[in-house]
Amino acid sequence: MTQSLTEITGAVAAVIYRNEDNGYAVLRLTQTDGGETVVVGTMPSVLPGEQLTLRGVWTTHPTHGSQFKAEHIESRLPQTQGEIYNFLASGAVKGLGPALAKSIVEQFGEDTLRVMEDEPFRLSEIKGITEEKAKLVGEAFKKQSAFRRLAEFFDESELDLRYALKVYNTYGENSVSALRGNPYLLTDEYYGAEFDECDKLAQKLGFAPDSLERVQAAAIFVLRHNSENGHVFVPLRKLVPATRNLIGVPLDIIEDAIECLADSGELIADDAGGERVIYLRGLHEAEVYIAKRLRKMSAYEKQASYNPDNIWKELNMAIEPAEGQRTAVIQAATKSVLILTGGPGTGKTTTVRAIITLFERMGLKTSLAAPTGRAAKRISELCDREAQTIHRLLEVKFDDHGGGMYFARDEQTPLAADAVILDETSMIDVELMQALLRALKPNCRLIMVGDADQLPSVGPGNVFRDILNSGVVPTVRLTEVFRQAAESLIIRNAHRINNGDAPEQGKKTDDFFVLTCPNAEAAAVLIEELCVNRLPKNMGVPAEQIQVLTPTRINATGTHELNRRLQNALNPPGEGKAERQFGNVIFRVGDRVMQTRNNYELQWTRQNGEIGEGVFNGDIGRVIGVSAKEQSLTAEFDDRAVVYAFDQLTELEPAFAMTVHKAQGSEYRAVILALMNVPKTLLARSVLYTAVTRARELLIIVGDGNLIHQMTANDRPNKRYSALCARMTDDDDTD
């Protein structure tokens with residue numbers, strides 16, 4: 001049942017807190033009928049002295065008591081001389097303080113604000129205000145007025161005010177007219193509005209159901225939605241009916257609108273597999289660039305300035321290297337680009353260490369990178385060398401004016417590295433691979449390391465597998481499992497699963513176990529018991545070193561329910577333990593949490609005082625503080641502390657349990673895999689294989705044993721539309 005909204009009115013006495021990035025604010029309101037009220041909500045343009053009419057709901061904060069959560073805001077500028085003075089004296093307009101505010105109001109009275117907006121030059125009539133200062137004050141007030149009108153438009157249109165700041169950054173004083181001209185501009189990924197939100201506004205503004213703006217926006221929205229599911233393009237024969245399903249417009253109108261977008265260059269039409277396909281412009285550019293650059297690098301041989309055979313002697317290995325490992329080091333000495341692939345236990349890490357040593361002996365400056373912070377930390381520890389995330393290596397920046405993210409390193413400012421070794425390459429999507437290749441100087445070497453049998457990237461494309469399948473890039477496959485590794489049933493079963501064979505059942509001394517359960521509830525209870533008691537007490541594995549994985553988010557053994565259960569068991573509420581409820585989730589100090597989207601604006605700090613920006617999808621941290629006063633939560637990701645305003649908690653989720661997809665690139669001492677009521681689309685060999693290979697010392701599968709056999713037998717990967725493999729082998733496409 002929807003809660004009815006209450007209306008209150010009053011004047012803003014003070015703004016207690018404001019997040020300048022998203023407009024969330026906490027203010028003190030002097031109500032018209034007396035008394036003061038704390039108001040919270042997205043209020044980017046509200047200033048002291050403004051008269052507000054607010055509609056929202058009363059809430060009770062555990063520390064601060066009664067608060068009014070505003071959902072709709074109508075503002076009115078001060079009217080009387082006293083109100084206008086208080087407004088200007090508060091510093092609401094840049095360049096004015098109490099003294100000048102008094103002089104201005106005495107001069108212009110109740111006409112002050114009109115003069116400031118329409119005739120700012122008249123401010124120079126007042127002693128202490130030059131013509132230049134009058135102009136600057138007028139510009140500041142005009143900008144403020146334009147933003148206020150935009151906020152009013154958003155409120156009237158029932159649009160989320162979080163989009164308003166970004167719209168104003170783009171269109172300035174013309175924001176309202178731009179939105180009236182095309183409300184669908186908000187569906188651009190920079191603003192992030194849903195198509196339905198913009199569609200409702202368009203209907204109010206009188207846009208026809210088959211208007212060009214609506215049809216084009218719908219087609220682009222469908223393409224973006226498909227890119228989030230891993231597709232680089234969509235065939236025209238599928239894009240047109242999918243768009244019709246969204247907006248119910250005849251097919252010929254949709255096809256004409258798509259062709260119009262292709263003619264203008266906003267979308268790219270191409271041929272793939274003998275049919276016409278449609279790309280978002282950026283994804284097409286990325287795919288073409290990757291193919292061209294890798295073909296060029298693959299054709300270029302280098303001189304070896306050091307005998308690679310000597311590397312193994314220097315490493316003083318107790319085990320003789322396999323033939324594949326020797327081949328990889330020899331190839332690394334002379335190739336500009338090389339792929340090193342293989343399953344667990346085949347010696348990829350040892351080979352990478354050998355290649356690093358080789359490059360050092362050759363005098364090459366080498367950078368080690370991985371897609372995620374967890375993967376970078378892992379390869380850094382294994383190789384005893386500093387490793388960075390790709391984003392950090394490329395020096396990710398946020399564009400305050402144009403919005404969005406960019407990398408400081410590119411063709412104009414390339415990396416200083418002579419060689420880059422890239423781990424967990426299967427996790428990299430087309431856009432990130434393009435960015436990395438663009439940042440390599442012409443003579444830089446690239447070693448791509450990964451396991452193509454794991455799940456593909458979360459983002460669009462199947463980059464690593466496509467490059468491998470093309471056969472263009474020199475490749476070394478490590479297939480020999482070392483004896484020490486083969487003693488692990490985890491590794492033996494990983495290879496069995498990958499070959500389509502059912503895994504062996506573990507004995508008491510093994511590290512791989514299957515515990516069957518009659519139903520999902522029983523499985524959830526057993527998982528909790530394993531995390532809280534059995535593994536910590538009987539096997540000496542602390543709860544913080546156990547990661548619960550599951551293919552799905554739903555059901556009793558999905559992430560939602562398992563996280564709720566495990567939080568209550570492992571980090572229950574306690575006296576002095578601060579927490580914050582956000583939707584159906586409670587965030588509590590001590591919780592394990594995960595960032596769920598790339599946010600290039602979030603600022604982090606280290607204990608040594610270093611400050612940087614950027615927290616990325618899949619980063620795992622722990623809640624270390626919740627401040628009711630500051631309306632914020634602080635999470636620590638390794639050694640980086642990040643502060644989230646409460647309304648930014650949509651970007652965090654509990655991580656006591658996580659999906660297998662989110663665990664890519666990580667390794668945990670112990671993994672508990674929940675397999676019960678798994679959707680058909682996730683009953684795939686790659687899902688099971690990826691989950692099993694996340695465990696270092698112990699793997700326990702809890703649930704329905706039959707699902708293990710179904711997943712092992714199903715080697716049909718989900719289809720992803722990509723033409724990278726074809727472009728790699730197409731001479732005409734990569735000249």
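- Counting only distance, with no hydrogens or angles, the side chain of K441 and the backbone of A416 share a donor-acceptor pair below 3.5 Å.
- Separation of atoms NZ (K397) and NE2 (H391) is listed at 13.5 Å; rounding is to 0.5 Å.
- Residue-environment remark: CD (E36) exceeds the threshold of 12 foreign heavy atoms within 6.0 Å.
- Ion pair D188/R224 flagged as a salt bridge, since at least one NZ, NE, NH1 or NH2 atom sits closer than 4.0 Å to an Asp/Glu carboxylate oxygen.
- To the nearest 0.5 Å, atom OG1 of residue T605 and atom CD of residue E636 are 9.0 Å apart.
- The backbone N or O of D410 sits nowhere less than 3.5 Å from a side-chain atom of R438 that would complete a donor-acceptor pair.
- Between Y168 and the choices F147, Y163, F153, the ring-ring contact (aromatic ring centres under 6.0 Å, His included) rule is met once, by F147.
- Summarising the local packing, CZ of R606 is surrounded by more than 12 heavy atoms from other residues, nucleotides or ligands at distances under 6.0 Å.
- Between the side chain of R597 and the backbone N or O of T650, no donor-acceptor pair lies under 3.5 Å.
- I104 places a side-chain heavy atom less than 4.5 Å from the side chain of I129.
- A donor-acceptor distance shorter than 3.5 angstrom exists from the side chain of N226 to the backbone of V222, with no hydrogens or angles considered.
- A salt bridge is absent between R588 and D591: the closest approach of a Lys/Arg side-chain nitrogen to an acidic carboxylate oxygen does not fall below 4.0 angstrom.
- Checking each of R622, E579, K577, R580 against V589 for a side chain to side chain contact (heavy atoms under 4.5 Å, CB included) leaves exactly one that passes, namely K577.
- Counting all heavy atoms, side chain and backbone alike, M433 lies closest to I428 at N-CG2, 3.6 Å.
- When each of V38, V40, V46, I16 is checked for a side chain to side chain contact (heavy atoms under 4.5 Å, CB included) with L27, only V46 meets the rule.
- Under a 4.0 Å N-O distance rule, the pair R149/E117 qualifies as a salt bridge.
- Q595 and E651 share a donor-acceptor pair across their side chains, judged by distance under 3.5 Å alone.
- Within 6.0 Å of atom CG in N584, 12 or fewer heavy atoms from other residues, nucleotides or ligands are found, so the atom counts as exposed in its surroundings.
- A donor atom on one side chain and an acceptor atom on the other are found under 3.5 Å apart for T170 and Y191.
- Contact between L100 and K127 at its shortest, heavy atoms only, is CD2-O, 4.2 Å.
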